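Working notes, structure below.
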Amino acid sequence: MAGFGVRKDPCPCGGGVYADCCEPFHLGQSLPATAEQLMRSRYSAFSRNLIDYLIETHPSPEPLAERRQALKASNRGVRWTQLRISAREAGGEADLSGRVSFEAQYRQAGQTHVLRECSRFGREGGVLEGRWLYLDGEA
């Protein structure tokens, strides 16, 4: 049976099939090459409640246990339903920093909400070996 066992789940970020889009980042098989790829993979991680990935891609001096607890609490009862990228500034494969503006639609307690943010990203360790990290965002 050709294709048996191959998952074709859509990626929460809207970028195609999850196994070909954000899943390799979530599994640590590859790193996002652009700030937008990291932003999309973080959205998908929120959608799939992948707390460890969210922590790994956002440096913070806050104690790990507190960060984990806060992320779990903020994502509890939330169903992320749609992502729309509205703007990009730098953040390409040859850049050290970038910004991605987006709208993320979600449902919580039976109501639909929209999170609008301009996220800032930076490279850890330089262009060639550095991985993209989420730095912060403005609503």
Side-chain angles (χ1 to χ4, degrees):
M1 286 201 263
F4 181 73
V6 177
R7 293 184 23 212
K8 297 290 183 185
D9 300 340
C11 192
C13 82
V17 175
Y18 178 63
D20 299 329
C21 190
C22 291
E23 186 177 44
F25 305 139
H26 295 161
L27 295 176
Q29 296 170 340
S30 62
L31 294 173
T34 67
E36 182 179 337
Q37 283 182 340
L38 178 61
M39 193 267 127
R40 288 180 172 279
S41 70
R42 284 180 53 81
Y43 172 86
S44 293
F46 273 106
S47 178
R48 291 178 167 257
N49 208 35
L50 301 174
I51 302 302
D52 288 339
Y53 184 80
L54 295 169
I55 288 171
E56 290 167 11
T57 57
H58 180 205
S60 173
E62 187 179 351
L64 183 59
E66 289 178 23
R67 291 179 70 201
R68 184 171 275 114
Q69 184 177 359
L71 280 166
K72 284 181 180 179
S74 70
N75 211 34
R76 190 172 292 122
V78 174
R79 187 171 62 87
W80 297 93
T81 57
Q82 185 177 19
L83 174 67
R84 188 176 75 77
I85 305 296
S86 54
R88 294 161 208 80
E89 179 183 320
E93 292 184 33
D95 295 320
L96 290 174
S97 64
R99 292 178 186 269
V100 179
S101 297
F102 66 92
E103 292 182 356
Q105 190 173 41
Y106 64 97
R107 293 196 47 85
Q108 186 174 31
Q111 295 188 345
T112 300
H113 304 274
V114 177
L115 168 69
R116 291 176 182 85
E117 182 175 298
C118 178
S119 298
R120 230 173 31 95
F121 300 89
R123 285 239 202 210
E124 174 184 68
V127 173
L128 294 178
E129 56 206 43
R131 65 184 180 131
W132 283 102
L133 295 171
Y134 170 77
L135 302 176
D136 57 30
E138 294 178 355

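Here the structure is a predicted model, which is why all the values come from computation and not from measurement.
Atom-to-atom distance recorded for His26:NE2 and Cys11:SG is 7.0 Å, nearest 0.5 angstrom. Arg48 contributes atom CZ, which lies 5.5 Å from atom CG of Asp9 (distance to the nearest 0.5 angstrom). One finds the OG1 atom of Thr81 at 10.5 Å from the NE2 atom of His113 (value rounded to the nearest 0.5 Å). Separation of atoms CD (Glu56) and CG (Leu133) is listed at 10.5 Å; rounding is to 0.5 Å. Between the CZ atom in Arg131 and the OG atom in Ser30 there is a gap of 13.0 Å [rounded to 0.5 Å].
Sparse packing is recorded around CZ of Arg79, with 12 or fewer heavy atoms of other residues, nucleotides or ligands lying under 6.0 Å away. Counting non-hydrogen atoms of neighbouring residues, nucleotides and ligands closer than 6.0 angstrom, the CD atom of Glu138 reaches no more than 12 such neighbours.
For Ser97, the side chain to side chain contact (heavy atoms under 4.5 Å, CB included) criterion is met by no residue, not counting sequence neighbours. The side chain to side chain donor-acceptor pair (under 3.5 Å) search around Asp20 returns none, not counting sequence neighbours. Taking the salt bridge (charged side-chain N to carboxylate O under 4.0 Å, His left out) definition, one finds that Glu36 meets it with Arg40, Arg88, sequence neighbours left out. With sequence neighbours excluded, no residue forms a salt bridge (charged side-chain N to carboxylate O under 4.0 Å, His left out) with Glu117. Taking Arg84 as the reference, Glu103 meet the salt bridge (charged side-chain N to carboxylate O under 4.0 Å, His left out) condition, with sequence neighbours excluded.
Without hydrogens or angle criteria, Ser44 side chain to Cys13 main chain gives a donor-acceptor distance under 3.5 Å. With hydrogens and angles disregarded, a donor-acceptor distance shorter than 3.5 Å links the side chain of Arg123 to the backbone of Glu93. Using modelled atom types, one side-chain atom of Gln37 and one backbone atom of Ala33 make a donor-acceptor pair closer than 3.5 Å.
Residue Phe102 shares its hydrophobic cluster (ILVMFWY side chains chained together at separations under 4.5 Å) with Tyr18, Phe25, Leu38, Met39, Tyr43, Phe46, Leu50, Ile51, Tyr53, Leu54, Ile55, Leu64, Leu71, Val78, Trp80, Leu83, Ile85, Val100, Tyr106, Leu115, Phe121, Trp132, Tyr134.
Here the side chains of Asp52 and Arg68 are in contact, with some heavy-atom distance below 4.5 Å.
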